[in-house]
Amino acid sequence: MQHVKHKTDCRLCGSTSLDHVLPIRPSAIGDAFVTADRLGEKQDLYPLDCYLCLSCGHLQNLDVVDPDILFRDYTYRTSVSLGLVEHFKRYARSVVSTLGIPQGSLVAEMGSNDGSLLKAFKNEGMRVQGIDPARDIAATATNEGIPTIPDFFTSALAARIKAEQGEAKLFCANNVFAHIDNMSDVVKGIRLLLADDGAFVFEVSYIVDMIDNMVFDTIYHEHVSHHALIPLETFMNRHDMTLFHVERTGTKGGSIRAFAQPKSTGKRPRSAELSTLIAEEERRGVTKPQIYRDWFVAIEDCKRRVLATLDEAIAAGKLVAAYGASTTTTTLLYHFELESRIKFIVDDNQLKHGRFSPGAHIPVQPSSELATRKPDIVVILAWIYADPILKRNQAYLDAGGRFLVPLPEPRVVDAAGSTAI
């Protein structure tokens, strides 16, 4: 298949002992919403299957889509996500005070997007450097005072930054550490750029939360890794890095903020929180196949219940729409086989209005269309945000409309309340 390569070895440890534990259905590129003039262009479906490394326990997608296709013309901007800008302000203040980062220190971030986090660090008195391959977003961030190199982070780029600006006391990666295919070169670059007493802080979706909260739709082509602490620590150690602390955060349906330092020179003690979580991973068996097989059974059960409800409504002549036009919603749309069942999608992001969904080409319209077209059932594809969506659309419910929330436990919401299906 064009623009995709299939790996045969684990991206963390190189083992070829891999088990196909999550057969997620292929989808189009999650955020590739197209304009009307591009409807004639075919959008390929790419594999989303997940494999577990039986040597180190890392869960990963082995089918890697060309990153130029995914990230060069990236449209997602951090600042449009509900609550993320405030989250980053708290994050910067907390990290600077907890780690004792001196004023004027260099803070670098890979995948810095529109500079939302680095702005927060700049406000805390730091020198900042962004690295992001999305050319337009990088240019905008630079113009707004956050210098951003429009490229992918590599060990070669790390050497260049170090030569020009000196060592970094802090290196950040937020919701991008899951995007990297060549993890070894990136972590080598982070170690090279970091001061001996520096820290690497990264946020990623946490596989334990993904399982417990049924957040399987964060499996999409940008995310080639799904992280647990045990395989990460083994991998870090190989590159003279070591984890020393971890915090749970509520973003993206359940994430961790992990802290690492140079293994040979770092002086920060290992936290009780880190030891506790690693022990819990051992107990739950997150490096073994069974937990993923059980998770897939639960996903399929939700799918079966959602489709039974929708197919009954469609057979009765009801109009079905959906709410949410984002990368995760594409995974859900394809894996739950909703492409042919949904007539239109509404979204609150004006950038998506008038576009068509990736591959299936379902029209995306403003949420005001719910009042105009009066669909009988609206599937909340952006189910993580179901509560604010339900509150914002009370008028639709009062007019007799129904929402179907597909995960974590399928339910139908109408003016009278919520009913499990």
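On a predicted model such as this, the values are computed, not experimentally measured, just so you know.
The CG atom of L243 lies 5.5 Å from the CE atom of M236; values are rounded to the nearest 0.5 Å. The line from OG1 of T218 to CD1 of I207 is 7.5 Å long, rounded to the nearest 0.5 Å. Rounded to the nearest 0.5 Å, atoms CG (N61) and CD1 (I24) are 9.0 Å apart. To the nearest 0.5 Å, atoms CG (D414) and OG1 (T419) are separated by 6.0 Å. Separation of atoms CD1 (I146) and OG (S112) is listed at 9.0 Å; rounding is to 0.5 Å. Here the CZ-CZ distance, from F216 to F296, works out to 8.5 Å after rounding to the nearest 0.5 Å.
Checked for salt-bridge contact, K5 and D63 miss the test: no charged N lies under 4.0 Å from a carboxylate O. Classification of R238 and E233 as a salt-bridged pair fails, no side-chain N sitting under 4.0 Å from a carboxylate O. Checked for salt-bridge contact, R25 and D49 miss the test: no charged N lies under 4.0 Å from a carboxylate O.
Between L194 and P262, the shortest heavy-atom distance links the atoms CD1-CD, 4.3 Å. The heavy-atom pair separating L397 from V413 by the smallest distance is CD2-O, 3.5 Å. In terms of heavy-atom proximity, R257 sits nearest to S94 at NH1-OG, 4.3 Å.
Classification of the Y91-F121 ring pair by plane angle, with boundaries at 30° and 60°, yields perpendicular. Taking the six-membered ring where the residue is Trp, Y51 and H6 present perpendicular rings, their angle passing 60° and hence far from 30°.
A donor-acceptor pair under 3.5 Å is formed between the side chain of E281 and the backbone N or O of L229. Listed for the Q60 side chain is a donor-acceptor partner under 3.5 Å among the backbone atoms of R11. Judged by distance alone, the side chain of K352 and the main-chain N or O of A325 form a donor-acceptor pair under 3.5 Å. Remark: the backbone N or O of V95 is not paired with any side-chain donor or acceptor of E124 at under 3.5 angstrom. The backbone N or O of E41 sits nowhere less than 3.5 Å from a side-chain atom of Q43 that would complete a donor-acceptor pair. No side-chain donor-acceptor contact under 3.5 Å links S105 to the backbone of I101. At least one donor-acceptor pair under 3.5 Å links the side chain of R355 to the backbone N or O of L351. Within the 3.5 Å criterion, the main-chain N or O of D185 finds a donor-acceptor partner in the side chain of N182. For Q261 (side chain) and G198 (main-chain N/O), no donor-acceptor pair under 3.5 Å exists by modelled atom type. Using a distance-only test at 3.5 Å, with no hydrogens or angles considered, no donor-acceptor pair links the side chain of D387 to the main chain of K391.
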**Report entry** Pair F202-N174, side-chain contact (heavy atoms from CB on, under 4.5 Å): steps then yes or no
**Finding:** CA-CA 5 Å; F202 59 99; N174 289 288; over 6 Å; no
Report task. Show the numbers, then the answer: is there a salt bridge (charged side-chain N to carboxylate O under 4.0 Å, His left out) between E409 and R305? Result -> CA-CA 10 Å; E409 190 65 33; R305 285 188 273 163; 2.8 Å; yes
Query raised in the report: salt bridge (charged side-chain N to carboxylate O under 4.0 Å, His left out) between D19 and R293: does it pass, once the steps are laid out?
Result: CA-CA 11 Å; D19 191 349; R293 298 202 195 292; 2.6 Å; yes
Query raised in the report: Run the salt bridge (charged side-chain N to carboxylate O under 4.0 Å, His left out) check on D301 and K303 step by step: do they pass?
Result: CA-CA 5 Å; D301 180 55; K303 173 179 172 177; over 6 Å; no
Query raised in the report: Stepwise, does the ring pair (Phe, Tyr, Trp, His ring centres under 6.0 Å) test hold for H58 with H226?
Result: CA-CA 7 Å; H58 180 55; H226 309 286; 8.0 Å; no
Requested in this report: Before giving the answer on ring pair (Phe, Tyr, Trp, His ring centres under 6.0 Å), spell out for Y46 and Y334 the whole-Å C-alpha distance, their side-chain angles and the decisive distance to 0.1 Å.
Outcome: CA-CA 11 Å; Y46 297 104; Y334 276 94; over 10 Å; no
Requested in this report: Take V65 and V224 through the test side-chain contact (heavy atoms from CB on, under 4.5 Å) and record every step on the way to the result.
Outcome: CA-CA 9 Å; V65 178; V224 293; over 6 Å; no
Requested in this report: Could you go through the ring pair (Phe, Tyr, Trp, His ring centres under 6.0 Å) check for Y206 and H227 one step at a time?
Outcome: CA-CA 6 Å; Y206 186 37; H227 289 295; 10.0 Å; no
Requested in this report: Any chance you could lay out the salt bridge (charged side-chain N to carboxylate O under 4.0 Å, His left out) test for K119 and E144, step after step, and finish with the verdict?
Outcome: CA-CA 9 Å; K119 274 180 193 150; E144 291 176 359; 3.2 Å; yes
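Taking the ring axis of F344 as reference, the NZ or CZ atom of R373 stays within 45° of it and closer than 6.0 Å to the ring centre.
Contact of the M126 side chain with the L106 side chain is not registered, since no non-hydrogen atoms from C-beta on lie closer than 4.5 Å.
For the side chain to side chain contact (heavy atoms under 4.5 Å, CB included) with N113, the lone residue among D132, T148, N175 that qualifies is D132.
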